[in-house]
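As structure tokens, the structure follows; a few thoughts come after it.
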Amino acid sequence: MTATAVNPSGQTPAEEQRAAAAPSSFPVEPDPGTRRLNTAKAIQEAIGSQMEQNPEVFVMGEDVGAYGGIFSSTTGLLDRFGAQRVIDTPISETAFIGMGIGAAVEGMRPVVELMFVDFFGVCMDQIYNHMAKIHYESGGNVRVPMVLMTATGGGYSDGAQHSQSLWGTFAHLPGMKVVVPSNPYDAKGLMTAAIASDDPVVYMFHKGVMGLPWMAKNKRSIGAVPEEDYLVPIGKARVARAGTDVTIVTLSLSVHHSLDVAEQLAGEGISVEVLDLRSVVPLDREAIVASAAKTGRVIVVDEDYQSFGLSGEIAATLLESPDARGAAFSRVCVPDVPIPYARELEYAVLPTHARIEAAVRAAVGA
Amino acid sequence: MTATAVNPSGQTPAEEQRAAAAPSSFPVEPDPGTRRLNTAKAIQEAIGSQMEQNPEVFVMGEDVGAYGGIFSSTTGLLDRFGAQRVIDTPISETAFIGMGIGAAVEGMRPVVELMFVDFFGVCMDQIYNHMAKIHYESGGNVRVPMVLMTATGGGYSDGAQHSQSLWGTFAHLPGMKVVVPSNPYDAKGLMTAAIASDDPVVYMFHKGVMGLPWMAKNKRSIGAVPEEDYLVPIGKARVARAGTDVTIVTLSLSVHHSLDVAEQLAGEGISVEVLDLRSVVPLDREAIVASAAKTGRVIVVDEDYQSFGLSGEIAATLLESPDARGAAFSRVCVPDVPIPYARELEYAVLPTHARIEAAVRAAVGA
Amino acid sequence: MTVQDTAVSASSLTVQERRELLRTMHLIRSFEEAILRDYHADKAPAWDIGAGLIPGEMHLSAGQEPVAAGICAHLTRDDAVTATHRPHHMAIAHGMDLDRLAAEIFGRETGLGKGRGGHMHLFDPDTHFSCSGIIAEGYPPALGQAFAFQRRQTDRIAVAVTGEGAANQGAFHESLNLAALWKLPVVFVVEDNDWGISVPRAASTAIASNADRAAAYGMPGIRVEGNDVEAIHAAAAEAVARARSGDGPTLLEIHTLRLWGHFEGDAQGYRPELSTVNEHDPIPAYQARLVADGVLSDEDAAALKEEAVARVDAAIGFAKNSPTPQPEEALRYVFVEGA
Amino acid sequence: MTVQDTAVSASSLTVQERRELLRTMHLIRSFEEAILRDYHADKAPAWDIGAGLIPGEMHLSAGQEPVAAGICAHLTRDDAVTATHRPHHMAIAHGMDLDRLAAEIFGRETGLGKGRGGHMHLFDPDTHFSCSGIIAEGYPPALGQAFAFQRRQTDRIAVAVTGEGAANQGAFHESLNLAALWKLPVVFVVEDNDWGISVPRAASTAIASNADRAAAYGMPGIRVEGNDVEAIHAAAAEAVARARSGDGPTLLEIHTLRLWGHFEGDAQGYRPELSTVNEHDPIPAYQARLVADGVLSDEDAAALKEEAVARVDAAIGFAKNSPTPQPEEALRYVFVEGA
Ligand SMILES: Cc1ncc(C[n+]2csc(CCOP(=O)(O)OP(=O)(O)O)c2C)c(N)n1
Ligand SMILES: Cc1ncc(C[n+]2csc(CCOP(=O)(O)OP(=O)(O)O)c2C)c(N)n1
Ligand SMILES: [Mg+2]
Ligand SMILES: [Mg+2]
């Protein structure tokens with residue numbers, strides 16, 4: 001027996017070519033322009049536009065119709081496309097997510113909503129043993145071009161069963177891409193990319209970035225979004241703010257807290273780089289290493305549980321890179337505890353401004 | 001808002017006392033003696049002995065009765081204890097795992113078998129949102145003293161839905177302890193500790209360590225096991241072999257492959273320390289750091305998927321420790337791919353002797 | 001399946017029993033009204049779900065009091081109840097301590113879960129009460145409580161509650177099958193309030209009554225129409241007796257009414273019958289009936305309500321005056337033993 | 001529920017149809033016999049599940065051929081079939097390429113899944129066939145295939161198969177409800193072979209027939225006794241016609257027979273009727289009936305079997321002569337696009 005060298009991209013040259021060619025009809029990260037939308041509207045717009053262009057795209061989930069999605073991800077779509085393409089389901093996640101899989105196998109492009117990611121436990125088999133594995137098990141003969149859209153995150157006292165992030169759980173299991181937009185521009189471009197993708201994509205939006213009228217709003221939950229279709233490539237991080245002293249590797253709502261901290265500390269002469277991962281799978285390890293190599297200090301800010309997840313994987317990425325392995329490392333995550341209900345407790349475990357600030361100061365010794 | 005200091009053990013002194021006192025009726029890691037059992041028999045013995053001593057202990061799962069458990073974890077128990085206490089269930093994991101939870105809440109001590117860990121997707125909600133969270137959500141008022149026993153691992157071409165390890169998935173989600181014995185002695189002591197524990201414990205045995213007559217056997221799947229009851233403490237790693245040049249941090253079946261490699265390379269003067277984690281939650285970070293500080297080189301050998309799991313958490317543990325952060329780090333895991341069926345492919349992704357050996361040689365530059 | 005009709009003409013209940021039913025319903029409603037008030041009190045002007053004395057999602061049970069009162073009248077605190085995301089009415093009818101319930105909802109250290117759980121996660125060893133925010137996932141643990149009661153040769157039972165929307169979830173099916181197979185002492189209750197958030201029952205299943213599903217497991221199924229507390233009481237009497245005597249589970253579907261939104265903040269634009277909902281409030285109707293039957297006077301009824309309001313006020317006061325949890329203690333209670 | 005009895009006295013099928021049914025059953029059985037032989041051939045002396053030309057768990061379908069033959073006779077390759085951990089009979093009857101099926105089981109690059117899937121994970125776009133090793137989880141994807149067929153206004157249908165043990169899993173319930181609600185063109189098949197590994201049907205559910213569960217969703221349910229291919233054919237005809245004409249799903253439970261162990265290596269010590277199982281083999285019985293009815297001669301029947309064996313031998317030969325996958329390519333096919 002010999003150690004087997006495995007091709008890390010897992011692709012033949014022909015496949016790489018096809019992949020590069022596939023969704024090139026849409027521009028990649030165009031200028032944002034001046035029109036401003038909140039994240040929810042950006043998502044609705046991306047789905048609506050793809051539905052217009054492709055009759056095989058449809059939306060399915062609980063309360064996605066007349067209600068417009070509990071977090072407004074599908075508002076207005078029922079009126080535009082009718083109940084045949086915007087389908088309210090019974091509370092049967094295994095059945096309707098599996099139905100999305102079967103429809104995708106036959107060439108449709110379902111966008112299926114799992115209302116809260118916390119509910120994955122009732123339907124994970126369809127997601128991780130079927131949606132994510134069929135392409136591989138079929139030796140590449142069967143594709144599952146499906147988007148599984150779901151709401152994540154806490155901060156409004158919804159308790160241990162409705163406040164989790166859990167991207168680490170999905171990312172650990174092979175065969176699905178995992179994207180996590182933090183702002184309206186990325187939300188639209190990533191949704192367009194997800195629907196265009198021939199792979200299953202788990203699209204995780206934090207309730208706190210949607211710009212909902214009934215939830216505390218971050219100023220960045222509204223931003224400039226092009227009217228045309230465009231792609232934000234899956235698997236590419238974004239430097240949300242350039243800096244030189246310390247790198248915050250983060251994603252989703254925590255990007256905003258991190259930017260707030262960076263802005264505040266800039267006044268003290270502390271230069272913080274904020275890297276918005278945007279995708280967890282594929283993870284943009286090059287961007288992480290490049291920033292770590294530059295600043296020499298990495299703080300992971302992650303609203304998912306701390307242990308055995310994203311933050312550890314970033315540590316491994318650093319240690320595995322000759323350029324980044326010497327970087328200082330710390331993390332501001334949710335410790336390994338169910339999310340508590342009471343505000344005082346929940347904000348003790350969330351990656352708050354205060355905890356991030358303290359971590360930056362500790363890192364730079366200020 | 002201020003950064004909140006959280007007490008890392010999450011315990012008051014009174015609780016720590018009670019915890020220390022609880023299962024002290026059994027000796028801790030006594031001399032193994034000379035009687036030899038395979039791992040399956042060691043597990044049966046632990047469960048049987050606890051059932052004899054405590055009428056509240058019962059066993060439930062698919063084919064645990066007349067069949068004796070698909071991987072022989074419960075052989076003989078039906079004959080000894082009858083169908084009232086060794087209960088074959090319908091194929092309804094959500095219902096019967098949930099039933100275990102309810103029985104535990106009322107003070108019983110169920111040992112519930114999930115036949116393959118790969119099936120977690122049909123019942124994860126009961127496991128992670130209920131079994132694992134009730135104690136916390138109740139503010140400590142309700143305990144769930146339940147053991148969820150399950151088979152893990154591949155190596156015999158059982159394909160992508162029957163060969164996974166997945167301890168990283170369970171460990172990422174707070175509120176359950178996760179133990180992973182590699183040999184008969186630990187298997188008995190950890191099962192006794194798991195049944196004695198007032199916390200929910202996920203007990204994961206690799207099929208390849210059971211010593212089954214119908215599966216390729218590792219020589220260490222049979223070993224010395226005391227006849228009396230004893231505890232292997234949950235959360236304590238074991239130095240399975242002491243060494244000075246490089247540390248292999250590993251668990252479950254990979255312990256044996258690692259020991260094989262260590263024995264082989266000893267002949268060449270390469271001294272390999274093998275640390276058997278035994279528990280994933282709590283993770284014995286002190287033992288990892290101590291060994292890493294000593295050898296300066298860490299290789300994680302893990303049959304679970306590589307990314308966003310155990311191996312990353314060990315990287316973070318190193319980076320967070322002043323003593324260990326300089327250690328060289330590499331990993332031999334299952335890459336992020338569904339486990340392939342064909343033997344040639346499966347053994348290309350498993351952490352084989354050859355891959356471990358190559359990693360050790362690379363680490364020590366030999 | 002048996003359908004029991006609203007028109008239970010002459011009551012077979014005692015005056016005392018009927019007053020108790022009304023008293024329970026008033027207590028529940030008063031509690032929900034108080035929570036409603038405090039929930040919305042300090043979220044303005046920009047209504048923020050996470051703000052105020054009571055943050056988070058809030059699912060109130062107004063209109064469904066007859067279910068809780070009618071069923072729990074047959075239970076003692078030794079029986080178990082597992083409820084849903086909409087748990088207050090069942091908790092109160094089952095005798096949960098009102099102070100600790102209120103304190104949990106206000107997120108206080110004196111709450112049932114010391115503020116860790118919140119309104120969807122109420123666990124009370126004293127009344128063997130629990131609930132879950134995950135649809136239908138409260139059913140399986142009830143099996144285990146019933147199993148423990150059965151094994152210990154008691155006549156205690158478990159009552160497991162879900163909504164009609166939950167009846168289409170896999171856990172519902174598995175639980176009923178297991179309970180019937182092992183003749184577990186369970187009463188399965190489906191509260192059919194016609195809606196699962198914005199989705200009407202007819203868009204969730206092709207069948208008219210979930211009680212028809214009982215036959216799929218070999219257990220009796222009863223649907224009770226009319227949201228009438230006495231009809232519910234009568235149906236529950238049978239089901240509870242069956243469970244206590246070792247004859248196994250029953251499925252009870254009760255057609256009830258969601259008087260308010262799915263959760264607070266729900267504008268209910270999807271609900272065509274919205275304008276007439278209040279006409280069907282079961283409490284004034286039952287009160288009027290008792291007055292008409294001479295069971296109590298208008299003054300007695302008013303006193304019952306006042307008494308309920310006073311009890312609730314005391315509980316809310318207790319909650320508001322209780323300490324909030326210490327942030328430093330956020331990690332306590334993950335494990336019993338050290339981790 | 002309708003129970004259809006074995007005693008279909010005079011056949012309504014043509015001679016050609018009846019010969020086809022027998023031919024299909026012989027082809028399946030010959031295939032399973034060949035796999036059985038090669039599976040065990042090189043695992044001795046110490047029988048090791050992971051060793052040999054065919055490693056891993058192996059669930060063979062001998063005895064259940066009537067189900068596959070009787071149902072798939074009504075399908076074209078444009079219809080979808082989703083099967084279970086015991087999929088070969090359905091795959092073969094539905095017309096899957098035998099070479100590529102065999103090659104997948106032998107883990108070869110020419111297999112349906114290029115050796116990545118294995119015998120429980122067969123995916124064939126040509127026959128819209130798939131299966132799953134997870135109990136009852138093959139049902140939900142079938143809904144989506146049926147949905148796609150419905151939306152494209154074809155008369156194509158999906159057939160979803162599980163065992164009787166699977167009928168107690170949540171996915172079963174959710175899928176039937178959804179299909180009935182949306183009148184999806186699905187035929188749900190439950191193969192009741194009396195056993196779920198070592199657990200008899202009576203220890204899995206309190207009811208005698210899963211067809212009784214159809215009423216819980218508002219669809220017709222039919223149980224076919226006797227493992228008789230013509231009775232199955234007749235029942236399937238109705239169900240398939242209903243689905244094709246837009247009238248929605250049917251639940252078909254077929255009482256069949258597991259002739260061999262749950263998987264290879266299963267000593268079946270738990271099975272009291274073991275010694276008489278072979279007497280109920282449906283293939284000799286059907287062959288004898290066709291001979292008695294003058295549909296074919298003994299020589300014709302022997303020729304059918306020989307033809308089947310020859311076809312299977314060719315497939316096994318193809319598999320054995322095909323290349324094994326390259327270890328370097330283990331990571332290919334995780335994603336279509338780069339990762
Ligand atoms: C598994 C799961 N899916 C979805 C939800 C979101 N959800 C919460 S309540 C609800 C509607 C429940 O309807 P029903 O069972 O009728 O109860 P009701 O709210 O009417 O009391 C839904 C879909 C959830 N909590 N859990
Ligand atoms: C969710 C899940 N639970 C358990 C298993 C293990 N398992 C494989 S086959 C089987 C028995 C299935 O019985 P049945 O549905 O009657 O099908 P049969 O094997 O009789 O064809 C079990 C329990 C599984 N594969 N998936
Ligand atoms: Mg409802
Ligand atoms: Mg069966």
Side-chain angles (χ1 to χ4, degrees), chain A residues 1-4 6 10 94 118-129 132-133 136-137 159-161 168-169 171-175 280-281 283 304-305 307-316 318-320 325 329-331 335-338 340-341 347-349 352-355 357-358, chain B residues 1-4 6 10 94 118-129 132-133 136-137 159-161 168-169 171-175 280-281 283 304-305 307-316 318-320 325 329-331 335-338 340-341 347-349 352-355 357-358:
Chain A
M1 219 179 320
T2 59
T4 306
V6 275
T94 290
D118 312 68
F119 309 156
F120 85 90
V122 305
C123 54
M124 193 59 167
D125 188 71
Q126 285 297 324
I127 297 170
Y128 103 106
N129 264 335
K133 289 180 180 166
Y136 187 84
E137 290 170 329
Q161 294 177 337
T169 296
H172 183 55
L173 302 165
V280 184
V281 177
L283 183 63
D304 197 2
Y305 300 117
S307 297
F308 308 98
L310 171 64
S311 61
E313 189 57 27
I314 291 170
L318 298 178
L319 277 179
E320 285 170 339
R325 57 164 290 113
F329 173 83
S330 64
R331 36 187 181 172
D336 303 328
V337 58
Y341 165 67
Y347 277 84
V349 306
T352 51
H353 187 117
R355 288 178 65 207
E357 180 186 335
Chain B
M1 220 181 322
T2 60
T4 306
V6 274
T94 291
D118 312 69
F119 309 157
F120 85 90
V122 305
C123 53
M124 193 59 166
D125 188 72
Q126 285 298 323
I127 297 170
Y128 104 107
N129 264 337
K133 289 181 181 165
Y136 186 83
E137 289 169 330
Q161 294 177 336
T169 296
H172 182 56
L173 302 165
V280 184
V281 177
L283 182 64
D304 196 2
Y305 300 117
S307 297
F308 308 97
L310 172 62
S311 61
E313 189 58 25
I314 291 170
L318 299 178
L319 277 179
E320 285 169 340
R325 55 165 291 114
F329 173 83
S330 64
R331 38 187 180 172
D336 303 326
V337 57
Y341 165 67
Y347 276 84
V349 306
T352 52
H353 188 116
R355 288 178 63 206
E357 180 186 334

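What you see is a predicted model, and the numbers here were worked out from it, not measured in a lab. Letters go in sequence order (proteins before strands), and every chain restarts at 1.
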Heavy-atom closest contact ([X] atom, [Y] atom, distance):
| X | Y | result |
| --- | --- | --- |
| K133(A) | A160(B) | NZ-O, 2.8 Å |
| G312(A) | A316(B) | CA-CB, 4.0 Å |
| P338(A) | P174(B) | N-CG, 3.7 Å |
| F329(A) | E320(B) | CE2-OE2, 3.9 Å |

May I ask you to test the [X]-[Y] pair for a side-chain heavy-atom distance under 4.5 Å?
| X | Y | result |
| --- | --- | --- |
| F119(B) | D125(A) | no |
| T169(A) | F308(B) | no |
| E313(A) | E313(B) | no |

Option in [options] with maximal non-hydrogen atom pairs under 4.5 Å from chain A:
| options | result |
| --- | --- |
| C123(B), S311(B), A315(B) | A315(B) |
| I314(B), L310(B), V337(B), V122(B) | V337(B) |
| A132(B), G159(B), G168(B) | G168(B) |

Q) What do the steps show when you test H172(A) against D336(B) for side-chain hydrogen bond (donor to acceptor under 3.5 Å, both in side chains), and what is the final call? A) CA-CA 8 Å; H172(A) 183 55; D336(B) 303 326; over 6 Å; no
Q: Flag the one option from S330(A), P340(A), S307(A) with the top tally of heavy-atom pairs under 4.5 Å to chain B.
A: S307(A)
Q) Between CD of E137(B) and OH of Y341(A), what distance do you get to the nearest 0.5 Å? A) 13.0 Å
Q: To the nearest 0.5 angstrom, please state how far the CG atom of L173(A) sits from the CG atom of D304(B).
A: 8.0 Å
Is it the backbone or the side chain of [X] that comes under 4.5 Å from a heavy atom of chain A, or both, or neither?
| X | result |
| --- | --- |
| Y136(B) | side chain |
| I127(B) | neither |
| L318(B) | side chain |
| T94(B) | neither |

Q: Test F120(A) against Y128(B) for ring-ring contact (aromatic ring centres under 6.0 Å, His included), laying out the working first.
A: CA-CA 10 Å; F120(A) 85 90; Y128(B) 104 107; 4.7 Å; yes
Q | Exam field: side chain Q161(A) to backbone N129(B), donor-acceptor pair closer than 3.5 Å | A | yes
